[in-house]
Amino acid sequence: MTDQLLISIDNGVGRIRLNRPRAIHALTTEICSAIIDALLAWRTDEDVVAVMLDHAEGRGFCAGGDIAMIANSAKGDCSEAEQFFQTEYRMNHLLFVYEKPIVAFIDGIVMGGGVGISDPARYRVATERTTYAMPETGIGLFPDVGGGWFLPRMPGRTGTWLATTGARIKGADCAAIGIATHYMASDRLEAVKARIIADPYGLAEILDEMADVPPPSDWEAHRERIDRLFASDRYEDILAALEADGSDWAQAQLDTLATKSPQTIKVALRQMAEGAAFTDFADNMRNEYRIGHHVIRRPDFVEGVRAVIFDKDNAPRWTPARPEDVTDELIDSLFAPLPPEQEWTPLPELRG
């Protein structure tokens with residue numbers, strides 16, 4: 001396997017370490033496939049008690065997927081992008097249903113694809129270095145990798161706020177919201193990992209014992225406003241509520257939303273509503289694959305990546321440019337089922 005991923009078994013702990021520090025450990029199709037292969041092998045390996053997911057060097061856990069590749073594929077026949085989404089979403093689903101306990105150490109930047117590989121883990125450890133976000137509305141994509149499942153299950157309207165604004169929150173916020181099951185100082189992580197490897201059956205107790213009390217959460221200070229101002233599933237209503245509120249915080253949200261793709265925000269709002277109603281994670285991933293298939297063929301995705309990733313002018317020209325011009329018919333088309341042979345499916349090993 002590529003050196004982009006370090007896979008080993010250490011005293012009953014299956015270790016998966018992301019190792020692309022220059023790309024903040026962004027996921028590639030090859031990485032996702034290798035994670036799937038390791039997890040499938042460990043499912044039936046009695047010597048593997050638990051799985052530990054973290055990153056090697058660098059300041060991030062995982063900054064997302066290989067967006068440049070996806071955008072370049074979207075300019076052509078989209079086949080590479082579709083292969084990536086099919087593989088990544090199968091990995092997300094495998095992590096979600098995995099029988100053995102998984103602990104993800106989300107120490108550093110956790111965005112997009114990084115959320116997708118850590119949110120399904122049974123144990124999620126945040127630190128003072130954690131920065132968590134789903135920033136897809138800024139590049140004309142949508143909050144995928146299970147976002148449609150996890151975001152609406154956060155307290156109140158927090159998931160809607162994160163999905164639409166792409167807000168970046170810290171480790172203390174992750175602990176308060178429930179994104180993280182444990183919080184601890186980053187300088188203690190190596191000692192915690194060493195204890196888990198020495199006693200993998202004691203994983204849960206070790207995490208509980210070593211956890212710190214997180215500092216106050218900024219999210220908690222704004223929770224009432226988030227629930228009240230982001231209460232609607234209709235984008236125009238959210239904008240009207242923020243404008244009527246008149247607070248500095250509300251104005252900051254308006255300023256942020258003004259930079260985002262109106263199409264993507266409306267997609268996210270419908271995705272949150274539909275995701276909240278699903279009872280099977282696989283149904284959510286099938287829904288997200290349909291959205292991804294359609295959205296990468298729309299102009300906003302290539303334009304968003306151009307503005308943020310390639311040219312870095314941060315001045316995307318969205319199409320349509322105004323929320324009121326994003327019609328219900330357009331949004332319906334982005335959720336349309338695919339021909340049966342093109343639909344997303346879970347891994348064959350997980351069917352039946």
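Checked by atom type and distance alone, the side chain of E343 pairs as donor or acceptor with a backbone atom of L338 at under 3.5 Å. A donor-acceptor contact shorter than 3.5 Å links the side chain of R124 to the backbone of G178. Judged by distance alone, the side chain of T160 and the main-chain N or O of F230 form no donor-acceptor pair under 3.5 Å. A donor-acceptor pair is defined here as one N or O able to donate and one able to accept, closer than 3.5 Å; such a pair exists between the side chain of R122 and the backbone of E99. Between the K260 side chain and the L257 main chain, no donor and acceptor come within less than 3.5 Å of each other. For K100 (side chain) and W42 (main-chain N/O), a donor-acceptor pair under 3.5 Å exists by modelled atom type. Formation of a donor-acceptor pair under 3.5 Å by the T264 side chain with backbone atoms of T137 is not found in this model. Under the 3.5 Å distance criterion, the side-chain polar atoms of S261 are left unmatched by any main-chain donor or acceptor of G140. Between the E80 side chain and the M69 main chain, no donor and acceptor come within less than 3.5 Å of each other. A distance-only check finds a donor-acceptor pair linking the side chain of Y98 to the backbone of R43 [under 3.5 Å].
When all heavy atoms of D233 and L269 are compared, the closest pair comes out as O-CB, 3.5 Å. Residues E236 and P323 come closest through the heavy atom pair OE2-O, 3.5 Å. Closest approach of S33 to T87, counting heavy atoms only: OG-CG2, 3.5 Å. The shortest non-hydrogen separation linking R306 to A315 is NH2-O, 3.4 Å. Listed here is the closest heavy atom pair of T256 and T259: O-OG1, 2.6 Å. Across E82 and H293, no two heavy atoms sit closer than the pair OE2-ND1, 3.0 Å.
The side-chain heavy atoms of I7 and L5, taken from C-beta on, include a pair separated by under 4.5 Å. L203 is not listed as a side-chain neighbour of M52, based on a closest heavy-atom distance of 4.5 Å or more. Using a 4.5 Å cut-off on side-chain heavy atoms (C-beta onward), I197 and R15 make contact. Between H93 and V97 there is a side-chain heavy-atom pair separated by less than 4.5 Å. Between I70 and F301 the shortest side-chain heavy-atom distance falls below 4.5 Å. Under the 4.5 Å side-chain criterion, counting only non-hydrogen atoms from C-beta, V115 is not in contact with F61.
In this structure, I35 is a member of the same hydrophobic cluster as I106, with clusters built from ILVMFWY side-chain heavy atoms closer than 4.5 Å. Under the 4.5 Å side-chain heavy-atom criterion for grouping Ile, Leu, Val, Met, Phe, Trp and Tyr, I109 is not connected to W219 through any hydrophobic cluster. Residues V305 and I24 are members of separate hydrophobic clusters, defined by side-chain heavy-atom contacts under 4.5 angstrom among Ile, Leu, Val, Met, Phe, Trp and Tyr. One hydrophobic cluster, built from ILVMFWY side chains closer than 4.5 Å, cannot hold both I16 and V192; they sit in different ones. Hydrophobic clustering (side-chain heavy atoms under 4.5 Å, transitive across Ile, Leu, Val, Met, Phe, Trp, Tyr) groups I36 together with V51.
Distance check, rounded to the nearest 0.5 Å: CG of L141 to CD1 of I296 gives 8.5 Å. Atoms CD and CG, on E288 and D283 in that order, are 11.5 Å from each other to the nearest 0.5 Å. Rounding to the nearest 0.5 angstrom, the gap separating the CZ atom in R298 from the CH2 atom in W318 is 12.0 Å. Here CG of D255 is found 12.5 Å from OG1 of T165. Values are rounded to the nearest 0.5 Å. Atom OG of S333 is separated from atom CD1 of I291 by 11.0 Å, given to the nearest 0.5 angstrom.
Classification of the W149-F281 ring pair by plane angle, with boundaries at 30° and 60°, yields perpendicular.
For W161 and Q253, the side-chain atoms include at least one donor-acceptor pair closer than 3.5 Å. There is a side-chain donor-acceptor pair under 3.5 Å between S79 and D77. Judged purely by distance below 3.5 Å, without hydrogens or angles, the side chains of D144 and Y289 never pair a donor atom with an acceptor atom. If you check the side chains of R90 and T345, you find a donor sitting under 3.5 Å from an acceptor. Side-chain N/O atoms of T319 and E303 include no donor and acceptor closer than 3.5 Å. For the residue pair N287/Q271, the side-chain donor-acceptor check at 3.5 Å is not satisfied. For T127 and D107, the side-chain atoms include at least one donor-acceptor pair closer than 3.5 Å. In this model, no donor atom of one side chain and acceptor atom of the other lie less than 3.5 Å apart for E88 and N92.
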(request) Apply side-chain hydrogen bond (donor to acceptor under 3.5 Å, both in side chains) to S217 and D173, showing your working. (result) CA-CA 5 Å; S217 159; D173 303 313; 2.7 Å; yes
(message) Is there a side-chain hydrogen bond (donor to acceptor under 3.5 Å, both in side chains) between S247 and D245? Walk through the geometry before answering.
(response) CA-CA 6 Å; S247 66; D245 184 74; 2.5 Å; yes
(request) Decide side-chain hydrogen bond (donor to acceptor under 3.5 Å, both in side chains) for D208 and H182; before the verdict, give the C-alpha distance in whole Å, the side-chain angles of both, and the deciding distance to 0.1 Å. (result) CA-CA 7 Å; D208 288 346; H182 297 80; 2.7 Å; yes
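D227 has no carboxylate O lying under 4.0 Å from a charged side-chain N of R157, or vice versa, which leaves the two without a salt bridge.
Cation-pi contact between R270 and F335: present, with separation from the ring centre below 6.0 Å and deviation from the ring axis of at most 45°. The cationic group of K170 does not satisfy the cation-pi geometry with Y132, failing either the under 6.0 Å distance to the six-membered ring centre or the 45° limit from the ring axis.
Annotation for Y201: hydrophobic cluster partners, listed by chain and number, are V49 (ILVMFWY side-chain heavy atoms under 4.5 Å, direct or chained).
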